[in-house]
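Scroll down for the structure; my scribbles are underneath it.
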Amino acid sequence: MGYLKANILFSNGKEFCPYIINHQCSIYNQRPSICKNYPLSPNLDDKVYIDDSCPAVNTEFGSTIVNKGEVSNIKEHPTLTNYQNKFIETHLYLEQFNNKNSFEKLIEINNIIFYKYIGRSKDKYIETHLSSLKNFKY
């Protein structure tokens, strides 16, 4: 596997998020930060990318977040800033779990293989990972 990167998967890449019911998020108040940030996505190059296929980007509300292709008021989004260092810190933390016998292939989406942790751990991040997969459709 080389290295571990934490991901939250709500979709198998072919279906919508199972928490979208009647075109609305059914876990809105408890949604993870990745959903709170959407349509913005931080990347290892410390740039923030915009999913311009999101219908909200082209609305009045969307223009308060994205203006002329640039993220407005980036400092209001602390999870989007300094992503590279946060990624490295997470990677170093997850190294303690990097044992190929502790994972099994979960799914492949766009030629990227995602794994499920099958080892034993009471770590809060591992438990979050396993909890996020409860409603995942393989």
Side-chain angles (χ1 to χ4, degrees):
M1 290 187 309
Y3 70 94
L4 298 177
K5 179 181 180 217
N7 288 287
I8 295 177
L9 296 175
F10 288 130
S11 169
N12 59 15
K14 298 175 187 151
E15 299 175 41
F16 288 112
C17 172
Y19 295 106
I20 300 296
I21 299 172
N22 295 324
H23 304 288
Q24 292 187 332
C25 177
S26 64
I27 60 166
Y28 188 80
N29 292 330
Q30 295 85 33
R31 71 197 188 282
S33 62
I34 189 111
C35 296
K36 291 176 184 175
N37 290 336
Y38 185 79
L40 307 176
S41 179
N43 201 345
L44 274 175
D45 59 7
D46 269 340
K47 292 181 181 177
V48 177
Y49 292 88
I50 304 162
D51 180 357
D52 57 8
S53 69
C54 173
V57 170
N58 298 313
T59 66
E60 184 177 333
F61 170 74
S63 66
T64 63
I65 298 169
V66 178
N67 188 358
K68 297 180 182 172
E70 296 291 325
V71 179
S72 305
N73 302 321
I74 191 76
K75 292 182 181 180
E76 292 180 17
H77 306 279
T79 57
L80 299 175
T81 58
N82 201 21
Y83 182 77
Q84 190 176 63
N85 286 340
K86 292 173 189 172
F87 181 91
I88 292 168
E89 288 171 13
T90 302
H91 164 71
L92 293 173
Y93 177 82
L94 292 175
E95 275 300 299
Q96 66 185 303
F97 303 104
N98 197 0
N99 176 337
K100 68 179 179 179
N101 295 323
S102 296
F103 291 87
E104 67 181 16
K105 181 179 174 181
L106 175 68
I107 193 168
E108 186 171 337
I109 302 173
N110 296 330
N111 298 318
I112 299 171
I113 300 173
F114 294 88
Y115 294 88
K116 174 183 178 181
Y117 185 76
I118 58 171
R120 295 182 182 263
S121 176
K122 291 293 182 187
D123 179 82
K124 66 180 182 177
Y125 297 109
I126 295 295
E127 289 186 1
T128 299
H129 158 72
L130 295 173
S131 176
S132 75
L133 296 175
K134 287 181 182 173
N135 295 318
F136 186 75
K137 294 178 184 176
Y138 299 81

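Values reported hereafter were calculated over all heavy atoms of this structure, with side chains retained and with hydrogens, waters and symmetry mates removed.
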So, taking the atom named CG in D123 and the one named CG in L94, what distance separates them when rounded to the nearest 0.5 Å? 8.0 Å
Taking atom OH of Y117 and atom CG of L106, what is their separation to the nearest 0.5 Å? 15.5 Å
Test your reading of the model: is there a side-chain donor-acceptor pair from N110 to the backbone of I112, 3.5 Å cut-off? no
For the student: nearest non-hydrogen atoms of K116 and H129, plus distance: CA-NE2, 3.6 Å
Of the non-hydrogen atoms in I109 and F114, which two are nearest, and what is the gap between them? CB-CE1, 4.0 Å
d(D51 CG, N37 CG) to nearest 0.5 Å is 13.0 Å
For D45 versus Y49, what's the shortest heavy-atom pair and its separation? OD2-OH, 2.6 Å
Any chance CD of Q24 has more than 12 other-residue heavy atoms, nucleotides or ligands included, within less than 6.0 Å? no
Can Y93 and Y125 be said to form a ring-ring contact (aromatic ring centres under 6.0 Å, His included), step by step? CA-CA 10 Å; Y93 177 82; Y125 297 109; 5.3 Å; yes
So do V48 and N43 actually touch side chain to side chain, heavy atoms under 4.5 Å? no
For the OG atom of S102 and the CD1 atom of I126, what is their distance to the nearest 0.5 Å? 8.5 Å
Parallel, tilted or perpendicular: rings of H91 and F87 (30°, 60°): parallel
Minimum-distance pair of heavy atoms, taken over all atoms of I113 and K105: CG2-CG, 3.7 Å
Measure the shortest side-chain to side-chain distance between K86 and T81 over non-hydrogen atoms and say whether it is less than 4.5 angstrom. yes
Residue pair F103 / Y115: nearest heavy atoms and the distance that separates them: CD2-CB, 3.8 Å
Might you point out which heavy atoms bring Y19 and I27 nearest each other, and give the distance in Å? CD2-CG2, 3.4 Å
Measure the OH-CD1 distance between Y38 and I50 for me, rounded to the nearest 0.5 Å. 11.5 Å
Measure the OH-NZ distance between Y28 and K36 for me, rounded to the nearest 0.5 Å. 9.0 Å
